[in-house]
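What follows is a short report on a single structure.
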Amino acid sequence: MTTTSYTCDKWIPVKGEMKDKISAVLQEITERYRDPDQVRLWMKKIPPIETDGMKIERWSDESLGSGFTGICLLMGQLDYLYPEDGWDLVGHQYLERIRMMVEQRGVHDLSLYSGLAGILLAIYSLSRNGTRYQGMLDTLASWFEEAALHSLSLHQVEWEKGQLQMSQYDTISGFTGVGRIAMLFPNRPAMRMVWEKTMDLFHVMCGEKNINGHTVPSWHISSEYQFQENEKLQYPQGNFNLGLSHGISGPLCFLSLSALHGVDSPLLINDIHRLAKFIHHWRVQDVEGMIWPGRVSFEEWLEDQPSPGSTQNHRDSWCYGVPGIARSIWLAGQAARNEEWIETGLRAYLDIEKRLYRKGGLSSPTLCHGIGGLLHLVQRMYSDTAHEQLGMMRDRLLEDVLDMFDTNSLFGFYDHSLLDGKLAEVDEAGLLNGSAGVALALASLIGNKNPDWDAAFLIH
């Protein structure tokens, strides 16, 4: 396997008055993150998320999405922007909390958002291009490599038997996220092996299996393996998940990025074609532009057409919406040199402008399913294409996010979340649904350097 530099490597920052506005908001937000223990204390007082009759805590120390780990990415960006302001020392305090947690409890999860992969990204983000924390990186990377290679072998056997679950392959919990982090360390032979074995594993997923007498793509997920109880009822014969957070857009991004990083393999290109053709086929031309359903039911697949309500309540989010799915198609087009996919990905982004009057159906300023995530993905596509319309969309979304800054919030921005069945403004500190993620997107916009933290979102 050979590697080369990623070809889409440009970055177009914000200048002038808007840059000054971002800097002023960042100064207010970031001071609230100076003390990691205070951040944790505040978050422990926030009511948990309630779903399917269960309560899920909003804070977990080791979580990339909602803990110290994700906030390290913000500290790394602040250290790059303001190297004399001591953000590297603040970042060190966050890493110390993670180190103590690892020593006391261990980490029994490989994943990007809850485990070792995320911790490695956090350390990498604070390492000043690998010049710091080399001992810590080496120790955890060795642990990660051994565990990942063992787990990859086990899953290879399961998947070949047709026992595939979303949490095993997806960006948040599965090998899409694990493989992407392995790509950050190409000079480590065992990391390169993790990267290669992940591509091999996804080759199994890109095959076919038999369901009720029908030959279907292997990424079909049965009813029993749906995440939520209502999904098990809604999809009694299973479905095909298209989202970037939990669906096949994540593996497509990983495989496409692998090709763009120089992996030269006919099998890899064939797998990219299988996933991309499937996603491309299920696009819907709505009155407000090109849209994808987040999921395709088994019944829709049999009929070879989406149901009339498949794109109702669409939101232009990273996790399940057009920005994430279209980015996967665009990257696949770059990797496979397929002009139709490149054009589809770009056109889908340009169509988002038709929905900006309602902010793409989004209400929060956050990354996962909020305007901050849409802003960052538009910025990424704008930087890659230099398309003037995307630049105007970016600036409009930026104003929307800045307008949502609220000094009364603990961390500067509120997430909009269901509490007692009602939509409420909730204080969140973390990366995925909190102010750290919003601040990180803003901080990236005023730096001249192409950021690498969004490897966590599989878009770069």
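From a predicted model like this one, the values you see are computed outputs, not experimental measurements.
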Are Lys161 and Glu158 ion-paired here, with the side-chain N under 4.0 Å from a carboxylate O?
-> no
Using modelled atom types only, decide if a donor and an acceptor are shared between the side chain of Ser310 and the backbone of Pro306 within a distance under 3.5 Å.
-> no
Minimal non-hydrogen separation, Leu244 against Cys253, with atom names | CD1-SG, 3.8 Å
Should Arg192 and Glu145 count as an ion pair when the cut-off is N to O under 4.0 Å?
-> no
Does the distance from a Lys or Arg side-chain N to an Asp or Glu carboxylate O, for Glu340 and Arg347, drop under 4.0 Å?
-> no
Side chain His214, main chain Val216, donor-acceptor under 3.5 Å = no
Side chain Ser151, main chain Ala147, donor-acceptor under 3.5 Å = no
Going by atom types only, do Ser218 and Trp159 share a side-chain donor-acceptor pair under 3.5 Å?
-> no
Should Leu397 and Lys359 count as side-chain neighbours, where that means a heavy-atom distance under 4.5 Å?
-> no
For Phe202 and Phe175, run ring pair (Phe, Tyr, Trp, His ring centres under 6.0 Å): C-alpha distance rounded to whole Å, both residues' side-chain angles, the deciding distance at 0.1 Å, then the answer.
-> CA-CA 9 Å; Phe202 284 164; Phe175 280 104; 7.5 Å; no
Report yes or no: do Ser66 and Ser63 form a side-chain donor-acceptor pair below 3.5 Å?
-> yes
Are side-chain N/O atoms of Glu288 and Tyr357 paired as donor and acceptor at under 3.5 Å?
-> yes
Okay, side chain of Tyr235, backbone of Ser222: is any donor-acceptor separation there less than 3.5 Å?
-> no
Can you tell me if Arg283 uses its side chain to pair, donor with acceptor, with the backbone of Trp292 under 3.5 Å?
-> no
Electrostatic pair Lys354-Asp351, nearest N-O below 4.0 angstrom = yes
Do Gln379 and Ser383 have side-chain atoms, one donor and one acceptor, less than 3.5 Å apart?
-> yes
Sub-3.5 Å donor-acceptor pair from the side chain of Trp318 to the main-chain atoms of Phe457, do we have one?
-> yes
Salt bridge between Arg396 and Glu353, side-chain N to carboxylate O under 4.0 Å?
-> no
Side-chain donor/acceptor of Thr69 to backbone N/O of Glu62, under 3.5 Å = yes
Side-chain H-bond candidate by donor/acceptor type, Asn338 with His273, under 3.5 Å | no
Return yes if some donor-acceptor pair links the side-chain N/O of Thr366 with the main-chain N/O of Asn433 below 3.5 Å, else return no.
-> no
Does a side chain donor of either Ser364 or His369 reach within less than 3.5 Å of an acceptor in the other side chain?
-> no
Any sub-3.5 Å donor-acceptor pair from Ser125's side-chain atoms to Leu73's backbone N or O?
-> no
Within-4.5 Å side-chain heavy-atom neighbours: Met183 and Ser258 = yes
Of the options Glu231, Glu300, His246, which is the one that meets Arg295 in a side-chain hydrogen bond (donor to acceptor under 3.5 Å, both in side chains)?
-> Glu231
Between Glu428 and Arg58, is there a salt bridge with N-O shorter than 4.0 Å?
-> yes
Side chain proximity check, Cys72 to Ile98, heavy atoms < 4.5 angstrom | yes
Got a salt bridge between Asp384 and Arg327, using NZ or NE/NH1/NH2 to carboxylate O under 4.0 Å?
-> yes
Check whether the side chains of Asp452 and His460 place a donor and an acceptor atom closer than 3.5 Å, and report yes or no.
-> no
Indicate yes or no for a side-chain donor-acceptor contact from Tyr320 to the backbone of Asn241 under 3.5 Å, with no hydrogens or angles considered.
-> no
